[in-house]
Number of protein chains: 2
Amino acid sequence: MTVSRVLRNRGDVSEATREKVLNAARNLGYVPNKIAGALASQRVNLVAVIIPSLSNMVYPEVMTGISAMLEDTGLQPVVGVTHYQPDREEAVLYEMLSWRPSGVILAGLEHSDAARAMLSNAGIPIVEIMDVDGQPVDSVVGISHRRAGLKMAEAILAAGYRRIGFLGTMMPYDHRARKRMEGLQEGLARAGIVLADQEFYSGGSALLKGREMTETILARSPDLDFLYYSNDMIGAGGLLYCLDKGIDVPGQLGLAGFNGVELLDGLPRQLATMDACRAEIGRIAAEIIAGKRPGMAGGRVIGGEQVELTPKLQPGDTIRRAG
Amino acid sequence: MTVSRVLRNRGDVSEATREKVLNAARNLGYVPNKIAGALASQRVNLVAVIIPSLSNMVYPEVMTGISAMLEDTGLQPVVGVTHYQPDREEAVLYEMLSWRPSGVILAGLEHSDAARAMLSNAGIPIVEIMDVDGQPVDSVVGISHRRAGLKMAEAILAAGYRRIGFLGTMMPYDHRARKRMEGLQEGLARAGIVLADQEFYSGGSALLKGREMTETILARSPDLDFLYYSNDMIGAGGLLYCLDKGIDVPGQLGLAGFNGVELLDGLPRQLATMDACRAEIGRIAAEIIAGKRPGMAGGRVIGGEQVELTPKLQPGDTIRRAG
DNA sequence: TTGAAAGCGCTAACAC
DNA sequence: GTGTTAGCGCTTTCAA
């Protein structure tokens, strides 16, 4: 039918007919059925985005980058949440793939075998985001959390701290926090230093947990001179705790978090952190799906792209000036 | 085909055939095509959720409530974000309706005429959430922001404050913040008091903005004795500012925010706030879509449901004890 | 318990 | 520039 052509601004249609159709559509309150359209054309303007959580702030920011980039490509992101559970990830992925999206963006490089198999067989661009320490299925955009931890270790040591504690989530599937801790340990090991203590939490208000954990770890290991938190929210809690207690930060005790969340800007003191390049990651991932990356003239390359971003250390004022 | 029956656990199929089909499916890495399925069955297991923003924390929490409830109904939420722009809302709604979802959950009661028309004609359950002050299209679940503001006015006056300032977003389309301010003004008016000053912001780190706005409004109106913030994040910023400056809270200056975000638990002092019942709203909205509300034995009632929740005042310790 | 056939509402290819 | 036709991959209905 000509109607189809008008509604999609396709092919040659006379202005008159066009107007007529548009009017009729408006008056009838006609909403096209994309299900039928997709079935007929074998094309779906949806991009599956699979992330572990929406309450982490990091992911909403990645989403923002994705949405912004996708805005004028005609593609629409569809979000699925896994709650850091591999089996949920598998289920969500299956569900989404059954709608035949144009591409998949998903967090992390660790997936169940079944999920990997689905991704490999999907025949659409797959972009794994956030992390580059591992074997991607197709494309990957992220930072090396291992190197981030290592870099932080160097900064800590350069500033003269020696008794370092790590505070983070207990979640067994937060692979990126784990890699940062491993990177930190490796960096310390190079200087012959061992992580002095560690403390984990799960659930609850991150800010409050940060306070509690800080109190706990300092009670247990009063000689610690640096605390590395796995995220900025618990780090901010720790900072507020130290200020309350009159602990000399960064003289007596140094602090650092991770992510570079904008929340930190309003704190009484600026927590040291490392920017995880969240919006940037989202933007690039979306570009890859949309086939908009420079150097890829339309046709997709087999094997995918590997983009490693470099997180910048933001020393803030909770870490002593080196030297 | 029999295959279809197996994959949907439908009708009578012999165990033998069933096994055979399941095996074949697994080996081929078969993922059913829901597009075709949906077209044939005229049923789609998707629920459209349309919200203004993901960075507001409030909406991710509503999402959590929705997801949790939908978990075992076979329905899947699909998120669309409007950035508080009516035309974006209209576009997102159009896009989503064209996938023929089983229901729509969307924030607020204010929509463009076109959007209203689409909603009315969609022939599926519509649930407007967050706010009950207005005319719903179908069902509605939320709180009265006007009454929330009014109740806050009463609490403020009862505690003896008289020179009240309001601080909020400049966004012209944040109708709920506007209604809270109007409620506040109405409550003050009953005691013959007029809002002493107000200050608005847009964009940026809410915590930081809260600090800046507080400084600005106090510089302009040093005699204010209470500040009512349109959300907890800017309120928290204001609280941190006051503590920095050594302002006596709540003696000299009372503070209150809105939402009851869990972040507040980690602050040095507990900001007074009012719980917006976010997860609860999400849960009930999802129940309505899933047809799970008690008293609705399957068949949906024309006209929809109206659920008004009552926000609780959490006085914290930034408001003087009354009397 | 299984197979065959029709058709969901569109798009693509081709004829007019 | 416009109409016609044959599917897209399923579900549904009905017959075997």
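Please read all numbers here as calculations on a predicted model, not as lab measurements. To find a chain, count down the sequence lines: A is the first, B the second, and so on, and within it residues start at 1. In what follows, every heavy atom counts, from backbone to side chain, and hydrogens, waters and symmetry copies are set aside.
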query: Do A/Glu61 and A/Arg278 sit within salt-bridge range, that is, some charged N less than 4.0 Å from a carboxylate O?
result: yes
statement: Contacts satisfying side-chain hydrogen bond (donor to acceptor under 3.5 Å, both in side chains) that involve residues 96-105 of chain B (not counting sequence neighbours) are none
query: Hey, is the side chain of B/Ser4 poking within less than 4.0 Å of OP1 or OP2 on D/dT11, counting only N and O atoms?
result: yes
message: Looking at B/Asp113, I'd like to know if its CG atom is crowded, meaning that more than 12 non-hydrogen atoms belonging to other residues, nucleotides or ligands lie closer than 6.0 Å.
response: no
task: Please state whether the phosphate of C/dA12, meaning OP1 or OP2, lies under 4.0 angstrom from any side-chain nitrogen or oxygen of A/Gln42.
output: no
query: Got a salt bridge between B/Glu110 and B/Lys179, using NZ or NE/NH1/NH2 to carboxylate O under 4.0 Å?
result: yes
query: Could you give the angle between the helix axes at the two ends of the helix from C/dT1-D/dA16 to C/dC16-D/dG1, with five pairs per end, rounded to 10 degrees?
result: 30°
- prompt: When you check the phosphate oxygens OP1 and OP2 of C/dT1, does a side-chain N or O of B/Thr17 lie under 4.0 Å from one of them?
  reply: no
Whole-Å gap separating P (C/dC10) and CH2 (B/Trp99): 12 Å
query: Which pair of non-hydrogen atoms, one from B/Leu109 and one from B/Pro136, has the smallest distance, and what is that distance?
result: CD2-CA, 3.8 Å
- prompt: What residues, two or more places apart in sequence or in another chain, satisfy salt bridge (charged side-chain N to carboxylate O under 4.0 Å, His left out) together with B/Arg116?
  reply: none
- prompt: Which of residues 23-35 of chain A have a heavy atom under 4.0 Å from DNA chain C?
  reply: A/Tyr30, A/Asn33
query: Among the nucleotides D/dT11, C/dG9, D/dC10, which one has an atom lying closest to any side-chain atom of B/Ala36?
result: D/dC10
query: Quick one: on DNA chain C, does B/Ser14 or B/Leu39 contact a more 5' nucleotide (nearest heavy atom)?
result: B/Ser14
query: Atom OG in B/Ser139, atom CD1 in B/Ile105: separation rounded to 0.5 Å?
result: 10.5 Å
Side-chain atoms of residues 50-60 of chain A: list all donor-acceptor pairs with protein atoms under 3.5 Å, sequence neighbours left out, distances to 0.1 Å.
| residue | atom | partner | partner atom | Å |
| --- | --- | --- | --- | --- |
| A/Ser53 | OG | A/Ser55 | N | 3.0 |
| A/Ser53 | OG | A/Ser55 | OG | 3.3 |
| A/Ser53 | OG | A/Asn56 | N | 3.4 |
| A/Asn56 | ND2 | A/Tyr84 | OH | 3.1 |
| A/Tyr59 | OH | A/Arg176 | NH2 | 2.8 |

message: From CG of B/Asn45 over to C1' of D/dT11, roughly how many Å is that when rounded to an integer?
response: 15 Å
field: Nearest-Å distance for atom pair CD/C1', residues A/Glu15 and D/dT2
entry: 15 Å
message: At less than 4.0 Å, is any side-chain N or O atom of B/Arg43 found next to OP1 or OP2 of D/dC10? Yes or no.
response: no
Please tabulate, for the side chains in residues 65-74 of chain A, all donor-acceptor contacts under 3.5 angstrom to protein atoms that are two or more places apart in sequence or on a different chain.
| residue | atom | partner | partner atom | Å |
| --- | --- | --- | --- | --- |
| A/Ser67 | OG | A/Met63 | O | 2.9 |
| A/Thr73 | OG1 | A/Leu70 | O | 2.7 |
| A/Thr73 | OG1 | A/Leu75 | N | 3.1 |

